[in-house]
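Beneath this line is the structure, given in structure tokens, with notes to follow.
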Amino acid sequence: MQTIGVIGAGLMGNGIAHVAAQAGYDVVLSDVAMERCEAARATIAKNLARQVGKAVLTQDAADAALARISLTTMAADFASADLVIEAATENEAVKIQIFQGMATLLKPEALLASNTSSISITRLAAATGRADRFCGLHFFNPVPLMALVEIIPGLATSPQTTAAMQGFAARLGKTAILAGDAPAFIVNRVLCPMLNEAIFALGDGVGSVTDIDTGLKLGANHPMGPLTLADFVGLDTLLSIMRVMQEGTGDPKYRPAPLLVKYVEAGWLGRKSGRGFYDYTGAEPVPTR
Ligand code: CAA
Ligand code: NAD
């Protein structure tokens with residue numbers, strides 16, 4: 001494997017491109033508009049510079065990683081890729097359209113993966129025309145700092161494809177776990193209901209943003225409070241995950257908190273939109289409730 005394609009240059013796509021380039025792969029990074037690709041490259045440059053600043057990477061290695069990343073808006077530029085990782089918006093219709101568009105463009109032997117947080121890998125695989133060479137490959141945010149990758153084989157994923165994903169994760173320096181193809185897999189099945197519950201608690205007036213976040217940070221030793229983490233993940237993404245869990249299991253315990261729905265309706269998506277449970281427009285985040 002030498003060339004990795006990454007579809008979607010948002011929060012996760014830029015992180016996946018970053019770690020793949022840092023591991024020595026050539027990376028083709030795409031989005032719907034070149035400005036988004038350029039913004040992702042600027043973020044990657046900033047994050048590589050942080051690593052140089054913390055002395056975990058040399059300047060030469062950072063420069064070489066950035067030089068390995070090329071940008072495109074054309075799916076045809078994935079023709080040389082050995083592995084393409086889809087990291088577009090958490091919306092099944094969007095992902096299926098991407099996979100159907102790629103079907104005839106990829107090399108026959110190329111592997112395809114989705115970084116979906118929650119959607120059925122088996123169902124997505126059916127749209128790819130290469131279900132045996134398709135797998136879930138779930139990274140965590142922020143990708144350069146988070147050690148885990150979940151590998152989720154679908155019903156038709158071949159053992160060779162799963163093994164190739166394990167080899168890829170190892171070359172990135174990540175620890176891989178195998179997860180079953182159930183809604184939200186392992187980590188998000190446990191984590192996202194906790195974030196959703198924190199939003200219920202806020203909506204019910206049980207505590208302020210600061211008290212809920214301080215509570216979980218100091219009372220449960222979480223590195224970020226749940227409302228900070230929800231903003232960090234993206235409230236639109238969290239809402240999509242909760243809906244997939246609710247619809248996929250039929251269990252009402254996964255219903256999204258009404259306040260989460262309202263925030264997404266308002267376009268308050270967390271850090272990426274400048275406002276969520278905190279306001280990010282100033283030098284420091286300011287709690288909004
Ligand atoms: N690349 C990218 N981002 C980086 C980075 C790098 N090399 N180095 C730091 N960051 C980011 C942080 O997110 C944060 O952003 P701002 O400075 O812009 O505010 C900042 O840089 C913090 O940097 P620090 O050097 O202070 O980092 P830290 O040592 O305090 O650790 C953290 C930060 C690792 C994110 C820690 O707070 C943490 O572990 N938080 C919880 C993260 C978590 O739970 N992630 C999983 C989310 S769920 C998920 O990903 C799955 C899903 O499908 C939704
Ligand atoms: P994001 O909103 O930051 O970025 C999504 C990007 O996909 C946007 O730049 C958008 O323009 C692009 N996009 C949409 N349609 C596209 C298309 N047809 N072709 C190419 N690009 C397209 O979202 P994100 O947080 O990076 O999430 C991406 C995926 O990763 C989702 O499936 C999400 O569930 C998953 N994920 C997210 C997190 C997280 O913490 N945010 C963690 C792990 C996995």
Side-chain angles (χ1 to χ4, degrees), residues 5-19 22 29-40 43-54 56-57 62 65 71-75 78 84-102 113-119 124 136-150 152 179 184-192 194-195 216-217 221-226 228-244 269-273 278 280 283-285:
V6 180
I7 303 174
L11 219 50
M12 295 305 290
N14 85 60
I16 296 166
H18 174 144
V19 296
Q22 196 182 321
L29 176 62
S30 85
D31 208 299
V32 290
M34 196 38 92
E35 303 84 78
R36 292 193 186 193
C37 297
E38 296 286 3
T43 301
I44 295 168
K46 187 182 79 182
N47 288 330
L48 285 165
R50 286 185 211 255
Q51 289 168 281
V52 174
K54 289 178 184 169
V56 293
L57 198 66
L71 307 178
T72 187
T73 55
M74 317 263 285
F78 290 116
V84 175
I85 304 167
E86 172 277 314
T89 312
E90 185 73 344
N91 176 307
E92 187 164 338
V94 168
K95 292 180 188 295
I96 284 180
Q97 197 178 14
I98 290 171
F99 294 138
Q100 287 172 341
M102 311 267 339
S114 176
N115 184 53
T116 178
S117 298
S118 59
I119 299 168
L124 291 178
L137 193 61
H138 184 213
F139 290 84
F140 290 81
N141 177 27
V143 181
L145 299 186
M146 300 297 285
L148 188 74
V149 173
E150 272 181 304
I152 308 110
F185 321 125
I186 294 175
V187 177
N188 282 341
R189 178 174 178 150
V190 178
L191 179 65
C192 292
M194 190 271 290
L195 303 185
L216 272 291
K217 269 166 64 181
N221 262 3
H222 290 190
M224 285 177 167
T228 299
L229 184 54
D231 275 358
F232 192 63
V233 162
L235 301 184
D236 53 339
T237 302
L238 179 60
L239 178 59
S240 296
I241 296 167
M242 293 312 300
R243 286 189 167 142
V244 168
L269 307 183
R271 273 168 72 133
K272 66 182 168 187
S273 74
Y278 293 81
Y280 297 92
E284 290 295 324

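Note that ligands are numbered from 1 as they come in the structure, with each ligand's atoms numbered from 1 the same way. Please read these numbers as outputs of a predicted model, since none were measured by experiment.
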Structural part of [X] in contact with ligand 1, heavy atom criterion under 4.0 angstrom:
{"X": "His138", "answer": "side chain"}
{"X": "Leu191", "answer": "side chain"}
{"X": "Asn47", "answer": "both"}
{"X": "Leu229", "answer": "side chain"}
{"X": "Thr237", "answer": "neither"}
{"X": "Asn141", "answer": "both"}
{"X": "Arg271", "answer": "side chain"}

More than 12 heavy atoms from other groups under 6.0 Å of CD on Gln97: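 No.
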Among all the protein's non-hydrogen atoms, which is closest to [atom], and how far away is it?
{"atom": "atom 39 (C) of ligand 2", "answer": "Val233 O, 3.7 Å"}
{"atom": "atom 24 (P) of ligand 1", "answer": "Lys54 NZ, 3.8 Å"}
{"atom": "atom 43 (C) of ligand 2", "answer": "Phe139 O, 3.1 Å"}
{"atom": "atom 22 (C) of ligand 1", "answer": "Arg50 NH1, 4.6 Å"}
{"atom": "atom 42 (C) of ligand 2", "answer": "Met12 SD, 3.4 Å"}
{"atom": "atom 1 (P) of ligand 2", "answer": "Lys272 NZ, 3.8 Å"}
{"atom": "atom 28 (P) of ligand 1", "answer": "Leu145 CD1, 4.9 Å"}
{"atom": "atom 39 (O) of ligand 1", "answer": "Pro223 CG, 3.6 Å"}
{"atom": "atom 31 (C) of ligand 2", "answer": "Ala88 O, 3.2 Å"}
{"atom": "atom 33 (C) of ligand 2", "answer": "Ser117 OG, 3.4 Å"}
{"atom": "atom 35 (C) of ligand 1", "answer": "Pro142 CD, 3.6 Å"}
{"atom": "atom 9 (O) of ligand 2", "answer": "Asp31 OD2, 2.6 Å"}
{"atom": "atom 14 (C) of ligand 2", "answer": "Thr89 OG1, 3.3 Å"}

Backbone or side-chain N or O of Lys46 under 3.5 Å from ligand 1 N or O: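 Lys46 vs ligand 1: no N/O contact under 3.5 Å.
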Side-chain ion pair, Asp236 and Lys272, N-O less than 4.0 Å: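 Here Asp236 pairs with Lys272 in a salt bridge, since their nearest N and O are under 4.0 Å apart.
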Would a search of protein heavy atoms around atom 51 (C) of ligand 1 find one under 4.0 Å away?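 It does: a protein heavy atom is found less than 4.0 Å away from atom 51 (C) of ligand 1.
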Under 4.0 Å from atom 26 (O) of ligand 1, do we find at least one protein heavy atom?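 So atom 26 (O) of ligand 1 lacks protein heavy-atom neighbours under 4.0 Å.
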Check each of Asn115, Thr116, Leu11 against atom 30 (O) of ligand 2 and report the one with the nearest heavy atom.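 Checking each option, the heavy atom nearest atom 30 (O) of ligand 2 is found in Asn115.
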From the candidates Gly10, Ala75, Gly8, the one that places a heavy atom nearest atom 4 (O) of ligand 2: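 Ranked by closest heavy atom to atom 4 (O) of ligand 2, first place is Gly10.
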Measure the distances from the heavy atoms of Gly234 to every atom of ligand 2 and state whether one is below 4.0 angstrom.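 Under 4.0 Å: no for Gly234.
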Between Ile119 and Leu124, is there a side-chain heavy-atom distance shorter than 4.5 Å?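 In contact.
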For Phe232 and Pro142, which heavy atoms make the closest approach, and how far apart are they?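 The answer is CE2-CD, 3.5 Å.
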Mind listing the closest non-hydrogen atom pair of Cys37 and Ala9 along with its distance?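 Scanning both residues completely, I find the closest heavy atoms to be CA-CB, 4.2 Å.
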Heavy-atom distances under 4.0 Å are what count here, so tell me which part of Gln97 touches ligand 2: side chain, backbone, both or neither.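 Neither; nothing of Gln97 gets under 4.0 Å from ligand 2.
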Would you please test Glu86 and Ser114 for side-chain hydrogen bond (donor to acceptor under 3.5 Å, both in side chains) and show each step? CA-CA 5 Å; Glu86 172 277 314; Ser114 176; 2.6 Å; yes
Quick one: which ligand 1 atoms are inside 4.0 Å of a heavy atom on Phe232?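 Numbered from 1, ligand 1 contributes 13 (O).
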